[in-house]
Amino acid sequence: MDLKPFFITTPIYYINSTPHVGHAYTQIAADARARFERLRGREVYFLTGTDENALKVARAAQAQGRDPLGFCDELAQAFQDVWQTLNISYDDFIRTTEERHRQPVIEVVQRLWDGGFLELGTYSGWYSVPDETFFRPEEVVERDGNHYLANPSEDQTKGPLEWTEAVGHFFKLSNFSDQLLKIYADAPERLRPQSRRNETLRFIESGLFDTSISRAQDWGIPLPSGVPESEGKVVYVWFPDALLNYATAPGYLADDERFKRIWPPDLQLMSKDIFTRFHATLWPALLLALGLELPRELFAHGFWTVNGSKIAKRDPETIVEPIEFSTQIAQSAGNAEIRVGVDALRYYSLREVGFGSDGDFSTTGCVTRYNSDLANGLGNLFQRGAVMLHNYFGGRVPATTFSDSSWLDEFKSRQAKVENSYETLDFSGALTEVWEVVAMANRWIEEEKPWAKAKDGDLDAVAVLLNKLLLVCQWVAVCTFPAIPSSAERIWAALGRSEPMNWANALQPFEEGHQTPPPTPIFPRANLKTFEQIENAALQVRAQKIKEQDMQNQTEQNGTPIQTPAAIPEAIAPVDAEAPEPTYISIDDFAKVQLRVGKVIEAERIPKADKLLRLQVDLGYEKRQILAGIAQHYTPEEMLGRSVVIVANLAPRTMRGYESQGMLLAASDDSGKLALVNPGDVSAGAVVR
RNA sequence: GGCGGAGUAGCUCAGUGGUUAGAGCACCGGCUUCAUAAGCCGUAGGUCGAGGGUUCAAAUCCCCCCUCCGCUACCA
């Protein structure tokens, strides 16, 4: 076996809010694998942390009149508190504002420059502060003198963009395509699951672009002074800053001996949205540039919807805060300790869907699973055996010889299956296997009818059964420990075991006379109705909070013109179809637009474009090629010979490989109806004004 | 439009050429009383999205279509 510690990572989390069930999922999965490795006796280095150098974080702090670092301290602590409550056994928690991270990042940028992996370039464009991203001109629309993202996704900004021009330092990512493809070609285990691997290969094959790694900002890790044009610039938050945490934490460029012992990561987990671009492409390219070994396995898990809907901060029904939720379950289970609810959450997360697929996190589904699998299945099984042991034998293990021990072999082979499932991150499969055993043991009791045998005085037979049950419970405790550690430990203790649990002692026999403590239920049953009441009450509180926050945000944004000089209220207020507020322009402004009448002399569809027609338009004094997005309203035949009004002095632009030298005027309403402006009977080239 | 994923029991899903398509939950009936209104057994429930094809044999392979989800692209 490999002597190197098993190095496992989660992403470092962007601290814009407290952790939700999505964050918790990655943590739980990583924790399960880490605990599994430790259980098998392997040293583990389990790394997680927070990403704190985003400009948005600094501005959020400033908006509250607070010191950014203090703001981060608080949120980073909140993350750690949640992880501790969820029993996440991380070995290291790195914050990107720490010196042990900042220093090596600065040095890495210098090395990249010295090694010729960076080059200077200029770029300019519409920049979004919250997203820390430049957008291409075609992604941007103008409204009321401000520029906005044309089709912002759920988590992209709806606010105005800032025009930014700067000298940038570009990482020559394009140089690494071939190398990466070669590495990935015959190593399917490096990128999992298979579907993500395919996606990544296609992404790289489609061509990589050099990427700017510097930003002119006052928050973040500064560029080293040995790099030209470094003044006033910080490192892009993703590259190499955030990604490099995986190397700085184990001691890269700081503690060579430690780093050499731990590197490379054996398993890096993340959700699918940051897999392809960042972890499977940029990150290994960075490592290649630095001459470091690549991670052995990258694994992308899927997304959760919550109660059937996409997670949205503004939809209270989709926000599941792990601690609050665990508390709710525990409360509805006869006010049990929170760790009971935590294990319900952990169990459900790992059991409900295959790791790697998307799934739906149903809060009542979780409670139902808790009741059926944990309380009725495992908990009750343990209770039956333990109570009988106390009733018939005073809690002391009776002497036994097994006439047939073939069932022990079966357990060994089942444990091997469970082991293999954990190794391949098939948590659902591992737990399914264990619960087959739970069902089987419940059947044993049914078949043996120990209560009847006890009545008949056949205590020997009862002793055999109870010994088997004890071993089953012990076996289950070991096998489920990675998934539900606190419950497994409670079972372990309830069996009277005090030595450390490990993978090899799952089937260790119980000595005659071994004393077990008086039994209490491991998983008290939850009352679904009670849970729903508690959940509903919390939901209303949350909805109220969101309302208040919205109002607060509005007033805050009105009061702080730092990032966005104007027009935020207009941007946020719902668009009123009636009576648009007039914004006057001068006659000179209008004169800048040259409108002409033209006659369509050719018209055809563009292949693979469902909205575009390619037109040749005669302006009298010249011919123009114009692309118009009207294919869903006009056929090429209808267009032929038609008179149209065109904007004649619009800057040309290429679409779909064709240059468009102007624009057709058309009217459209909210229902999507579109009609071309008809100039009537004037000759081609006539001026419109 | 392109690329990818998905469509199987009321619900959540497993099942990549081979009996009569499975599991869990929910439902219904029976048994049981050691146990947490827990356990066990059983019934019922499916034209495997539609259609076509290959095959002795198709949920599974091929073609075409429909629906949903994600990413992405052209209204200058």
Side-chain angles (χ1 to χ4, degrees), chain A residues 137-139 141 150-151 153-154 193 195-196 198-199 202-203 206 272-273 276-277 302-303 305 308 310 333-334 348 351-354 357-362 364-365 368-369 371-392 428-429 432 435-436 438-439 441-455 462 465-466 469 519-527 605-614 626-633 646-647 649-666 668 672 674:
Chain A
E138 59 266 32
E139 294 177 286
V141 291
N151 294 304
S153 63
E154 177 76 31
S195 55
R196 296 281 155 247
N198 295 342
E199 211 173 278
R202 272 198 320 277
F203 173 71
S206 76
K272 63 182 184 181
D273 56 329
T276 305
R277 235 179 98 84
F303 282 159
T305 52
K310 242 173 118 171
Y348 180 78
R351 170 68 193 263
E352 192 65 10
V353 301
S357 319
D358 294 342
D360 181 52
F361 191 101
S362 149
T364 53
T368 306
R369 268 242 180 255
N371 274 340
S372 63
D373 290 8
L374 294 178
N376 298 351
L378 175 56
N380 188 48
L381 172 70
F382 171 83
Q383 191 71 1
R384 298 172 88 175
V387 167
M388 283 191 276
L389 185 66
H390 278 262
N391 287 349
Y392 303 140
S428 185
T432 303
W435 259 262
E436 269 173 34
V438 170
N442 268 318
R443 247 173 277 137
W444 285 350
I445 301 177
E446 230 49 57
E447 285 157 13
E448 280 291 311
K449 300 192 193 329
W451 52 91
K453 288 194 170 149
K455 226 177 235 171
V462 178
L465 175 72
L466 290 182
L469 288 180
T520 48
I522 305 284
F523 303 106
R525 210 180 139 79
N527 185 311
R605 285 184 188 282
I606 289 176
K608 294 182 180 173
D610 57 348
K611 293 180 184 168
L612 282 181
L613 286 187
R614 182 160 71 113
I626 291 178
L627 302 190
I630 55 171
Q632 289 171 342
H633 305 275
I646 74 152
V647 182
N649 61 336
L650 196 67
R653 182 178 158 202
T654 302
M655 282 179 288
R656 292 267 152 186
Y658 300 98
E659 188 171 62
S660 183
Q661 306 154 328
M663 160 183 177
L664 287 198
L665 288 195
S668 63
L674 183 142

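Order of the sequence lines sets the chain letters (A, B, ...), proteins ahead of strands, with each chain counted from 1.
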Describe the nucleic acid contact of [X] in one word from base, sugar-phosphate, nothing, applying a heavy-atom distance below 4.0 Å.
X	value
Glu352(A)	sugar-phosphate
Val647(A)	nothing
Asn376(A)	sugar-phosphate

Q. For Ala375(A) and Phe303(A), take the nucleotide of RNA chain B holding the closest heavy atom to each; which residue's nucleotide lies nearer the 5' end?
A. Ala375(A)

Q) If you pin Ile626(A) and Asn442(A) to their nearest nucleotides in RNA chain B, which one's is more 5'? A) Asn442(A)

Give me the distance, rounded to whole Å, that separates [N] from [M] when you measure between the [atom1] atoms they each carry.
N	M	atom1	value
G53(B)	C65(B)	C1'	14 Å
U32(B)	A38(B)	C1'	12 Å
U20(B)	C48(B)	P	15 Å
G45(B)	G29(B)	C1'	15 Å
G4(B)	A76(B)	C1'	31 Å
A26(B)	C11(B)	P	16 Å
U16(B)	A57(B)	C1'	16 Å
G17(B)	C62(B)	C1'	13 Å

As a test of reading the structure: which of [options] is closest to the side chain of [X], going by heavy atoms?
X	options	result
Ile445(A)	C13(B), U36(B), C34(B)	C34(B)
Pro521(A)	A76(B), C34(B), U36(B)	U36(B)
Gln383(A)	C25(B), U36(B), C13(B)	U36(B)
Met663(A)	C34(B), C25(B), A76(B)	A76(B)
Val353(A)	U36(B), G39(B), C13(B)	C13(B)

Close side-chain approach of [X] and [Y], heavy atoms under 4.5 Å:
X	Y	result
Leu465(A)	Lys453(A)	no
Ile522(A)	Leu374(A)	no
Tyr348(A)	Asp373(A)	no
Ile445(A)	Arg384(A)	yes
Arg351(A)	Thr432(A)	yes

Quick one: [X] [atom1] to [N] [atom2], roughly how many Å, whole number?
X	N	atom1	atom2	answer
Asp273(A)	G70(B)	CG	P	14 Å
Trp451(A)	G39(B)	CH2	P	13 Å
Glu447(A)	C34(B)	CD	P	18 Å
Leu374(A)	A38(B)	CG	C1'	14 Å
Asp360(A)	C25(B)	CG	P	19 Å
Arg384(A)	U32(B)	CZ	P	14 Å
Leu465(A)	C34(B)	CG	C1'	10 Å
Glu446(A)	A38(B)	CD	P	15 Å

Q. If you look at every heavy atom in Ala628(A) and Leu664(A), which pair is closest and at what distance?
A. CB-CD1, 3.9 Å

Q) Do you know which two heavy atoms are closest between Pro519(A) and Ala386(A), and how far apart they sit? A) CB-CB, 3.6 Å

Q) Does Arg443(A) have a side-chain nitrogen or oxygen under 4.0 Å from the phosphate oxygens OP1 or OP2 of C41(B)? A) yes

Q. Under 4.0 Å between a side-chain N/O of Arg525(A) and OP1 or OP2 of A38(B), yes or no?
A. yes

Q) Do Asn380(A) and Arg525(A) get their side chains close enough for a donor-acceptor pair, meaning under 3.5 Å? A) no

Q: Keeping the roles fixed (side chain from Asn371(A), backbone from Ala526(A)), state whether a donor-acceptor pair exists under 3.5 Å.
A: yes

Q.
For RNA chain B, report each stem as range with range, ordered by first number, or say none. Use Watson-Crick or G-U wobble pairs under 3.5 Å, at least 3 in a row.
A. B:1-7 with B:66-72, B:10-13 with B:22-25, B:28-31 with B:39-42, B:51-53 with B:61-63

